[in-house]
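Hydrogens, waters and symmetry mates play no part in the numbers below; they use all other heavy atoms, side chains included. Remember, it's 1-based here, ligands and their atoms both numbered in the order they're listed.
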Amino acid sequence: MIQSKGYAAQNAKTPLGPFNFQRRDVGPHDVMIEILYCGVCHSDLHQARDEWGGAIFPMVPGHEIVGRVTNVGTQVKNFKVGDLAGVGCLVDSCRTCSSCKEGQEQYCEVHWVGTYNSVEMDGKTPTYGGYSNNIVVDEKFTLRISDKLPLEGVAPLLCAGITTYSPLRQWKVSKGHRVAVLGLGGLGHMAVKLAASMGAEVTVLSTSPSKEADAKELGAHKFVVTKDEKALQGVQNYFDFIIDTVSAQHDINLYISMLRLDGTMILLGVPPEAPQLMPFNLIFKRRRVAGSLIGGIAETQEMLDYCAEHNITSDVEVIAMKDINTAYERMLKGDVHYRFVIDMATL
Ligand SMILES: [Zn+2]
Ligand SMILES: [Zn+2]
C-alpha cells in the first residue's frame with residue numbers, strides 16, 4: 001500500500017484536519033500522481049457536512065486535481081513519469097453499460113465511483129479525494145493537462161469547467177444564441193467564459209448590481225439586475241438558454257418566462273427544496289427545463305484541450321491547506337472570486 005497524507009472530515013460536525021491513510025499500490029493500468037493543486041468545490045462542503053446524506057467518514061474531499069505523474073503501471077500507455085495529469089469527479093465506472101460505452105460514465109447505470117465519498121467497484125473500498133499529497137487512478141480516468149496554462153487556474157476546470165462545458169456542447173451553443181447565466185460563482189463564472197468563447201451573447205442575471213463590472217470583465221455582454229422590474233421586461237421571451245447554477249432557493253418560474261420559444265433552462269445547482277413548476281409557463285412557449293451532470297471522461301479531455309487552445313482558466317484564490325475551514329466559511333457567504341484552490345505544497 002502507498003502511504004498518503006491529507007486533510008479529512010472525521011464526521012459531519014467537526015472541522016477538517018490532518019489525516020494519514022493508505023492508497024492502493026500502482027496496478028498495471030494505474031497512474032500515480034503527486035498532487036500540486038486541488039480546487040475547492042461547493043459540493044466538497046455539502047458532502048463533508050453530510051448535507052446530501054450517506055456520507056462516508058473519514059472523508060478526504062477534493063475532485064479538481066492537477067499534479068505530476070510519479071509512477072505508472074506496466075500496461076499504462078498514455079502517461080509517463082513527469083507528465084502533468086488531472087483527475088475530476090469520477091475515478092471508475094462499470095465500463096460496460098450503454099452510458100459507459102457511449103463515454104458518458106457520469107450517467108453509468110450500474111455504479112460510478114466518485115473521486116471521494118464513494119466506494120470502488122468492489123463495493124467496499126472507500127475513495128479519498130484530492131485534499132492530499134498523492135492519488136492512484138486508472139489511466140482511463142486520468143486526464144492529460146497542458147503545460148500552457150497556470151495549473152492553479154486549470155484545477156477547477158475538472159469540475160466547474162466540465163459541468164458548464166458539457167451542457168453548452170450538448171445544446172450546441174454557438175454564435176447567434178442568447179445565453180443567460182444565473183449565479184456568478186464557481187460554476188457561473190466558467191459558464192460566462194465558455195459561452196462567450198463559443199460566440200454566444202451572454203447575459204448575467206443577478207440580484208446584486210455590484211457584480212456588473214465583474215460580469216463584464218469575465219466576458220458577459222449584458223447584465224440584468226433581477227430586482228429591477230423594468231430591466232426584467234426587456235428580457236421576457238429573450239433567451240435561448242439559461243444556465244442556472246444557483247443552489248439556494250429561488251423562483252425558477254421568473255426565469256423560465258425569460259426563455260423564448262423552444263428555449264431551455266438547464267439546471268446545474270441543487271436547491272434544498274424542489275422548485276414549483278408552473279406548467280403554463282412551459283406550455284405556451286414549448287419551453288423546456290433540463291438538468292446536466294458534470295461530463296464523461298472523453299468530453300472532459302475535450303474541454304481541457306479546448307481551454308488550453310482558447311486560453312481559458314478559472315479565476316482563483318490560492319490558499320494553504322490549513323486554511324480550508326476558513327475557506328468553507330467564506331464560500332458559504334459567497335466571498336470568493338471565484339474558486340479557492342489549495343496549493344498542496346502547503347500540506
Ligand atoms: Zn465539484
Ligand atoms: Zn456503466
Legend entry - Between R144 and N78: side-chain donor-acceptor atoms closer than 3.5 Å: no
Legend entry - Angle subtended at the Zn ion (ligand 2) by SG of C94 and SG of C97, nearest 10°: 110°
Inset, instruction - Check the side chains of E317 and Y338 for a donor-acceptor pair under 3.5 angstrom, ignoring hydrogens and angles. - result: no
Inset, instruction - Check whether any N, O or S atom of C108, backbone or side chain, sits closer than 2.8 Å to the Zn ion (ligand 2). - result: yes
Legend entry - Atom CZ of R286 with >12 non-hydrogen neighbours under 6.0 angstrom: no
Inset, instruction - To the nearest 10 degrees, could you say what angle the Zn ion (ligand 1) makes with SG of C41 and NE2 of H63? - result: 110°
Inset, instruction - Specify whether an N/O/S atom of H42 falls short of 2.8 Å from the Zn ion (ligand 1). - result: no
Legend entry - Donor on one side chain, acceptor on other, D44 and Y131, under 3.5 Å: yes
